[in-house]
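Here is the structure we will look at.
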Amino acid sequence: REKFLEIRDAAGQRLITVVEMISPTNKRPGPDREQYLAKRRQYLASDINLVEIDLLRGGPRFPADTLPVCDYLVLVSSGHHRPRAGVWPISLRDALPNVAIPLAAGDQSAIVELQSIFTTAYDEGGYAPAIHQRDPETPLRTEDAAWAAELLRVAANA
């Protein structure tokens with residue numbers, strides 16, 4: 001079961017926005033990816049706002065026009081502005097961006113501070129030992145591996 005966030009209007013419970021944190025099963029070829037792509041097509045054919053947060057370096061990106069080459073990606077597709085979409089390419093060394101989550105027409109977008117959320121989850125979730133004790137599933141580029149090794153060396157000596 002994949003987790004996602006739905007934002008609905010309070011009065012009629014109409015679906016306004018879906019926020020998807022892309023999972024490994026959504027990116028790997030197979031039935032889970034096909035199911036996600038079908039759901040994604042339904043969102044994009046409607047007036048529902050779609051926000052995809054892809055913090056996985058491995059696997060193919062989801063279909064979209066002219067996506068930049070990058071490590072991570074956030075895509076915001078407002079139902080009222082399609083086919084245009086906002087794309088935030090993120091490199092391994094970048095802080096995660098603040099993202100405007102579209103709401104109902106006429107409502108101001110909600111600003112989500114992804115770096116703050118990620119840092120809190122990392123700090124409070126006990127992920128450091130598991131992350132620092134093994135190599136990443138998708139190997140880092142040589143220059144990024146050297147950068148990461150230096151960060152870990154500094155952190156170990158702090």
Side-chain angles (χ1 to χ4, degrees), residues 1-125 127 131 136-145 147-148 151:
R1 295 184 57 154
E2 300 297 330
K3 305 283 185 192
F4 54 92
L5 173 68
E6 291 184 343
I7 299 172
R8 296 181 175 271
D9 80 342
Q13 289 297 302
R14 183 175 64 88
L15 183 58
I16 304 293
T17 302
V18 175
V19 180
E20 293 274 357
M21 180 69 119
I22 302 304
S23 71
T25 59
N26 287 354
K27 288 190 86 173
R28 287 188 202 110
D32 290 335
R33 181 178 174 84
E34 293 308 314
Q35 182 180 19
Y36 178 73
L37 287 172
K39 182 171 69 167
R40 183 182 195 265
R41 283 189 294 273
Q42 287 180 328
Y43 294 145
L44 294 174
S46 73
D47 65 348
I48 296 169
N49 304 311
L50 174 63
V51 178
E52 290 178 328
I53 302 170
D54 184 353
L55 300 181
L56 301 171
R57 289 181 302 106
R61 296 262 181 244
F62 290 105
D65 292 337
T66 62
L67 289 179
V69 175
C70 55
D71 295 309
Y72 311 113
L73 184 84
V74 175
L75 180 133
V76 177
S77 178
S78 169
H80 303 292
H81 295 106
R82 284 198 191 100
R84 293 186 326 241
V87 175
W88 284 263
I90 309 162
S91 80
L92 178 68
R93 301 178 198 202
D94 291 338
L96 297 176
N98 294 344
V99 176
I101 306 295
L103 302 173
D107 289 345
Q108 189 172 16
S109 296
I111 305 300
V112 174
E113 298 175 5
L114 289 181
Q115 186 62 56
S116 176
I117 292 168
F118 185 87
T119 299
T120 299
Y122 178 85
D123 289 347
E124 295 180 11
Y127 294 106
I131 291 172
E137 193 173 299
T138 302
L140 298 175
R141 291 185 300 272
T142 302
E143 62 275 10
D144 287 336
W147 172 80
L151 283 180

Determine whether Thr25 and Tyr36 satisfy the following criterion, side chain to side chain contact (heavy atoms under 4.5 Å, CB included), listing intermediate values before the conclusion. CA-CA 9 Å; Thr25 59; Tyr36 178 73; over 6 Å; no
Exercise: identify the closest heavy-atom pair between Val51 and Pro102: CG2-CD, 4.0 Å
Do you know the tightest heavy-atom contact between Asn49 and Leu103? ND2-O, 3.1 Å
In terms of heavy-atom contacts, Ile90 and Ala95 come closest through CG2-O, 4.2 Å
What distance separates Ile16 CD1 from Ile7 CD1, expressed to the nearest 0.5 Å? 9.0 Å
Could you tell me whether Glu20 and Arg40 make a salt bridge, using a distance below 4.0 angstrom between a side-chain N and a carboxylate O? no
Could you tell me whether the side chain of Lys27 and the main chain of Gly58 form a donor-acceptor pair under 3.5 Å? yes
Between Asn26 and Arg33, is a side chain to side chain contact (heavy atoms under 4.5 Å, CB included) present by the stated rule, with each step listed? CA-CA 4 Å; Asn26 287 354; Arg33 181 178 174 84; 5.8 Å; no
Rounded to the nearest 0.5 Å, what separates atom CD in Glu124 from atom OG1 in Thr119? 10.5 Å
Please find the pair of heavy atoms, one from Asp94 and one from Pro89, that lie closest to each other, and give the distance. OD2-O, 4.5 Å
Residue among Arg141, Arg57, Arg61 satisfying salt bridge (Lys or Arg N to Asp or Glu O under 4.0 Å) with Asp71: Arg141
Heavy-atom closest contact (Thr17 atom, Ile101 atom, distance): CG2-CG2, 3.9 Å
Main-chain N/O of Gly59 paired with Arg28 side-chain donor or acceptor, under 3.5 Å: no
For Arg82 and Ser46, indicate whether the former's side chain and the latter's backbone hold a donor-acceptor pair under 3.5 Å. yes
Quick one, Phe62 with Ile22, criterion side chain to side chain contact (heavy atoms under 4.5 Å, CB included). Give me CA distance, side-chain angles, the key distance, then yes/no. CA-CA 10 Å; Phe62 290 105; Ile22 302 304; 3.4 Å; yes
Test Tyr43 against Glu52 for side chain to side chain contact (heavy atoms under 4.5 Å, CB included), laying out the working first. CA-CA 12 Å; Tyr43 294 145; Glu52 290 178 328; over 6 Å; no
On a heavy-atom basis, which atom in Tyr72 and which in Leu56 lie closest, and how many Å separate them? CD2-N, 3.9 Å
